[in-house]
Asker: 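So that we are looking at the same thing, I have put the structure below in structure tokens.
Counting starts at 1 for both ligands and their atoms, following the listed order.
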Amino acid sequence: MEITVQHTDKSRISEINFDKLEFGRVFSDHMLEMVYRDGKWSDPVIKPYGPISFEPSLHALHYGQSVFEGMKAYYSDENTINLFRLEDHHRRLNNSARRLSMPEISEEAFIRGLEELMKTDYKWVPKKYGHALYLRPFMFASEQYIAAKAAAEYRYYVITSPVAAYYSEGFNPVKLTTTENYVRAVRGGTGEAKAAGNYGGSFLPARNAQTKGYTQVLWLDAIEQKYVEEVGTMNIFFLIGDKLITPHLGGTVLPGITRRSVIAIAKEWGVEVEERRISIDEVFDAHKSGVLKEVFGAGTAAVISPVGLIHHKGDTITLNQNEIGPFAKKMFDRVTGIQYGKLEDKFGWTHPVAVGSEVLQ
Ligand code: COI
């Protein structure tokens, strides 16, 4: 496999205010592209970030064969950028692709492509602790053909965006509400895939929640509307007594990579972790009896995000006086410490990329 790099003539980096980053608004100088045609993927090409052009018959626009990943590159030191749990992201991308009847990509193309993109655009990785270069690998059906069946052509891209915190609250607690009117996923559907349509379908309920002052929807299961599933932009954890409880995956919950990392770290600390069904009533009852210590979300974009309030059917609980809980704080410090290369990586999760080759002046 050969990776071709076509450098931009003019970097846009001097136009970016790294002290005022909005999630996903600006993009680095380059992007990676691969084309799937006649049953095989081309080698990756890194080229200047810019428009891609298709006819209105682009298959993905009509039928939603489109999946993505969310990852981050962390500034470790002037010669090193850390990527995180690359093999897990690669596996999840291929699982999503399989569910949407799309072709898988090789681990070599995924990993070497990201490494090369980092070597090309490493100057875009923000230096400030807590900020990162968000990596968005995505794949879509690029055939110009509107028959309702799996396409024969696909594109895979990676674009990257320097980011600060995902929620406008920063690391401050977010407010969640359940909804009775909508569901996110049913078993056998696409809920456990990182399919573009899962997100599109959540925007109306999320907007309704936001007009009422909540940050996001806390999704319940689609059948009984009783069991907590996830937040759509992150997985969810409950610290009840001394146990850390998170909804089991069960086919409807996104298998979050930060979720897995939190579980591994908590177990290493000797905390009992339960992955099981947890009803919203159990959460509210635990709060009433005083044993619900903390609630927090976990995701690549959200990192560890404390939850300060949950609303469900007219009842509201406030958690930890709407302050960041000590467990969430300790978890945030440990996860980010590993990601930024400040703490020992006992688990072997970080993937350092040696940069500093002065590609961009
Ligand atoms: C991520 O955490 O990377 C995600 O994909 C969530 C998102 C939709 C921003």
Side-chain angles (χ1 to χ4, degrees), residues 21-28 64 66-74 82-97 99-100 110 114 117 125-126 130-140 156-171 174 176 184-185 190-207 209-210 215-219 229-237 246 249 252-263 296-307 328 331-332 335-336 339 349 351:
L21 294 171
E22 189 189 339
F23 187 93
R25 183 67 78 184
V26 292
F27 298 92
S28 71
S66 178
V67 298
F68 69 96
E69 271 303 304
M71 309 171 66
K72 277 178 178 166
Y74 308 88
N82 280 347
L83 299 175
F84 191 67
R85 304 197 72 165
L86 280 188
E87 294 77 9
D88 296 277
H89 282 284
H90 170 252
R91 208 170 305 125
R92 191 172 66 179
L93 177 68
N94 278 347
N95 289 344
S96 301
R99 177 61 186 84
L100 275 284
F110 184 82
L114 285 167
L117 190 58
V125 180
H131 292 190
L133 188 66
Y134 185 77
L135 313 179
R136 174 52 63 89
F138 63 104
M139 188 197 294
F140 61 90
Y156 168 72
Y157 287 90
V158 185
I159 57 173
T160 83
S161 171
V163 298
Y166 182 68
Y167 298 118
S168 54
E169 287 87 344
F171 187 53
V174 295
L176 305 179
R184 179 185 170 274
T190 59
E192 67 180 348
K194 222 162 160 56
N198 293 345
Y199 295 80
S202 74
F203 295 157
L204 173 65
R207 202 176 58 194
Q210 281 148 15
T215 321
Q216 278 292 342
V217 171
L218 177 61
W219 292 107
E229 300 226 308
E230 61 160 286
V231 181
T233 44
M234 58 185 186
N235 296 108
I236 189 93
F237 285 86
T246 192
L249 295 174
T252 52
V253 172
L254 186 86
I257 286 156
T258 314
R259 175 187 181 277
R260 285 176 63 186
S261 309
V262 166
I263 292 172
F296 61 89
T300 298
V303 197
I304 302 296
S305 182
V307 175
M331 187 57 79
F332 177 88
V335 171
T336 55
Q339 290 170 332
W349 290 335
H351 184 101

Asker: I'd like to know if the side chain of Asn198 reaches the main chain of Thr190, judged simply by a donor and an acceptor atom lying under 3.5 Å from each other, with no hydrogens or angles considered.
Answerer: yes
Asker: Mind checking whether Tyr74 and Phe84 have parallel, tilted or perpendicular rings, split at 30° and 60°?
Answerer: perpendicular
Asker: Determine the sole option in Tyr199, Tyr156, Tyr157 for which the ring-ring contact (aromatic ring centres under 6.0 Å, His included) test with Phe138 is passed.
Answerer: Tyr157
Asker: Present, as a list of atom pairs with distances to 0.1 Å, all nitrogen or oxygen contacts under 3.5 Å between ligand 1 and the protein.
Answerer:
from: ligand 1; atom 1: 2 (O); to: Thr300; atom 2: N; distance (Å): 3.4
from: ligand 1; atom 1: 2 (O); to: Ala301; atom 2: N; distance (Å): 2.8
from: ligand 1; atom 1: 3 (O); to: Tyr134; atom 2: OH; distance (Å): 2.6
from: ligand 1; atom 1: 5 (O); to: Tyr134; atom 2: OH; distance (Å): 3.4
from: ligand 1; atom 1: 5 (O); to: Lys194; atom 2: NZ; distance (Å): 2.7

Asker: Using side-chain hydrogen bond (donor to acceptor under 3.5 Å, both in side chains) as the criterion, point out the one residue from Glu87, Glu69, Glu192 that pairs with Arg92.
Answerer: Glu69
Asker: Looking at Val67, Leu117, Val158, which hits side chain to side chain contact (heavy atoms under 4.5 Å, CB included) with Pro137?
Answerer: Val158
Asker: Main chain of Ala298, side chain of Arg259: is a donor-acceptor contact present, judged purely on distance under 3.5 Å?
Answerer: no
